[in-house]
Protein chains: 2
Amino acid sequence: MSEKKLANYHHGNLKEELLKAAISLLIEHGSGALSLRKVAKKAGVSHAAPYRHFNNKNALLAAIAQQGFVTLEAQISLIAQKFYDLPQKQLIETCVVYVEFVMQSPEIAQLMFGGVLDIASDKALLEASDNTLASLLRVMQKGSQYGLYIKHDPQALTLAVRSLIHGFAMLIIGNQLSSTIDSEQQVRILTRMLCEMLLRGIATNESAINEKLIE
Amino acid sequence: MSEKKLANYHHGNLKEELLKAAISLLIEHGSGALSLRKVAKKAGVSHAAPYRHFNNKNALLAAIAQQGFVTLEAQISLIAQKFYDLPQKQLIETCVVYVEFVMQSPEIAQLMFGGVLDIASDKALLEASDNTLASLLRVMQKGSQYGLYIKHDPQALTLAVRSLIHGFAMLIIGNQLSSTIDSEQQVRILTRMLCEMLLRGIATNESAINEKLIE
DNA sequence: ACCTGAACACCGTTCAAGT
DNA sequence: ACCTGAACACCGTTCAAGT
């Protein structure tokens with residue numbers, strides 16, 4: 001007993017260990033079952049040890065969310081790079097990647113987007129969040145440069161795409177689409193369909209002319 | 001002491017009292033601070049009393065979510081009735097109402113949509129959720145009858161509108177749009193803008209033709 | 001500098017006992 | 001039938017004390 005304990009006593013990377021332990025508990029048993037004490041136990045330290053590395057439980061959760069934003073940003077940037085000269089494909093594949101990320105890590109997505117954490121109060125978290133948004137904005141700016149979109153500025157375009165795909169992803173992990181969704185393949189198809197609908201519109205030309213949209 | 005206590009002892013509407021107490025605690029102090037024991041205290045009963053009326057804490061939360069779905073459904077149906085022969089206005093005002101509901105009751109919205117509750121396992125909750133979705137579907141069907149939309153079936157149209165507006169609303173309460181949003185009036189404007197973008201599309205005709213959307 | 005163990009004020013849930 | 005009070009196994013957080 002004492003041998004392993006002594007070896008780990010000042011191991012220096014307890015912060016990383018705690019993060020890894022927390023993430024694996026989160027994925028295995030859900031956020032409802034995640035306690036700091038279990039994280040500490042899983043990392044092999046006392047329940048008070050995490051407080052050397054995180055101010056409180058929320059700070060640990062914020063670190064997980066931050067890591068989530070970094071991962072998502074990397075995936076979006078990878079897509080942007082992969083389809084450098086195909087802005088419309090960039091857009092669609094970015095949306096696919098976004099939805100797949102949320103579906104693959106629903107608990108982490110809830111930490112990132114659920115509003116429990118005060119993003120603005122954590123500098124590193126805010127930066128990671130901003131970077132993710134910036135990568136999406138870049139995709140839309142690219143499309144604008146290619147003359148892909150009508151009138152609207154990239155900020156508005158980003159908000160529209162972001163809302164659409166975020167809503168779809170959150171509906172999925174919120175179990176609001178259980179009757180609509182049955183396979184991962186279908187999610188890809190629906191994501192593309194939604195992008196197509198936003199890109200081309202869902203109104204007929206006649207109705208768009210015949211009825212005033214804004215009173 | 002005994003007078004009031006005896007009067008309330010078998011008051012019969014403790015279930016309603018508990019719900020009201022829970023909702024007011026939820027609104028005042030957030031879901032993180034909501035405990036069954038505080039709810040019981042606020043309702044003036046012992047901490048074990050709620051278990052006569054709810055199987056567990058989640059059952060209480062499910063009842064709150066159910067009530068939320070009923071309220072939202074009523075608001076959507078009211079809009080549909082108010083603009084009976086203006087399907088496009090129906091759509092836009094429904095979206096406005098949806099976003100305003102979520103903004104006004106973010107904690108309840110999280111219960112409804114956050115995925116913590118297993119909606120399918122609670123008959124009453126599932127029914128309320130289904131009714132809400134049905135009211136939105138009816139709005140889209142109405143528009144289809146009026147020839148407002150191109151090709152897509154009402155299910156697909158509903159998914160698109162729902163994703164867009166749900167995403168926008170959840171981004172707002174998830175504090176993801178703090179730099180974009182500053183007033184309630186602006187939310188209305190942005191909601192209308194997003195609806196318009198989905199209705200008319202964001203792609204130029206040229207780009208929609210020049211580049212294949214689906215590989 | 002880093003971790004432990006006891007302590008405190010909370011939880012959700014159960015259950016015998018009271019009315 | 002409905003509620004109470006004690007009890008249990010958990011929490012997050014703090015802090016003196018150990019190495």
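We use all heavy atoms of the structure for the numbers below, so side chains are in, but hydrogens, waters and symmetry mates are not. Naming: A, B, ... by sequence-line order, numbering from 1 per chain.
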Is it true that, when you exclude Gln186(A) itself, more than 12 heavy atoms of the residues, nucleotides or ligands shown sit nearer than 6.0 Å to its CD? yes

Would you say dC10(D) has OP1 or OP2 under 4.0 Å from some side-chain N or O of Lys38(A)? no

Check: Val102(A) main-chain N/O paired with Ser105(A) side-chain donor or acceptor under 3.5 Å: no

Asn58(A) atom CG is separated from dG12(D) atom P, nearest whole Å, by 11 Å

Less than 4.0 angstrom between a side-chain N/O of His53(B) and OP1 or OP2 of dC3(D), yes or no? yes

Within the structure, does a side-chain N or O atom of His47(A) lie under 4.0 Å from either OP1 or OP2 of dA6(C)? no

When both hydrogen-bonding distances must be under 3.5 Å and the geometry is Watson-Crick or G-U wobble, what is dT4(C) paired with, if anything? dA16(D)

For the pair made of CG in Asn56(A) and P in dC11(D), what is the distance, rounded to whole Å? 17 Å

Please confirm whether the ring centroid of Phe69(B) lies under 6.0 Å from the ring centroid of Phe113(B). yes

What nucleotide among dT14(C), dT4(C), dC3(C) has an atom nearest to a side-chain atom of Ala48(A)? dT4(C)

What is the distance from NZ of Lys41(A) to P of dC3(C), rounded to the nearest Å? 19 Å

Expressed as a whole number of angstroms, how long is the span from Leu36(A):CG to dC11(C):C1'? 15 Å

Rounded to the Å, how far apart are Lys15(A) NZ and dC3(C) P? 12 Å

Please state how far atom CZ in Phe54(B) lies from atom C1' in dC3(D), giving the value in whole angstrom units. 16 Å

Return the value, rounded to whole Å, for the distance between atom CZ of Arg52(B) and atom P of dA16(C). 12 Å

Check the side chains of Thr71(A) and Gln67(A) for a donor-acceptor pair under 3.5 angstrom, ignoring hydrogens and angles. no

Could you check how far NZ of Lys57(B) sits from C1' of dC11(C), rounded to whole Å? 8 Å

Suppose we define a pair by two distances each less than 3.5 Å, Watson-Crick or G-U wobble; what does dC11(D) pair with here? none

If you find the nucleotide of DNA chain C closest to Arg37(B) and the one closest to Arg37(A), which residue's nucleotide is nearer the 5' end? Arg37(A)

At 4.0 Å (heavy atoms only), tell me whether Ser35(B) reaches a base, stays on the sugar-phosphate, or touches nothing. sugar-phosphate

Taking the side chain from Glu28(A) and the backbone from Ile23(A), do they hold a donor-acceptor pair closer than 3.5 Å? no

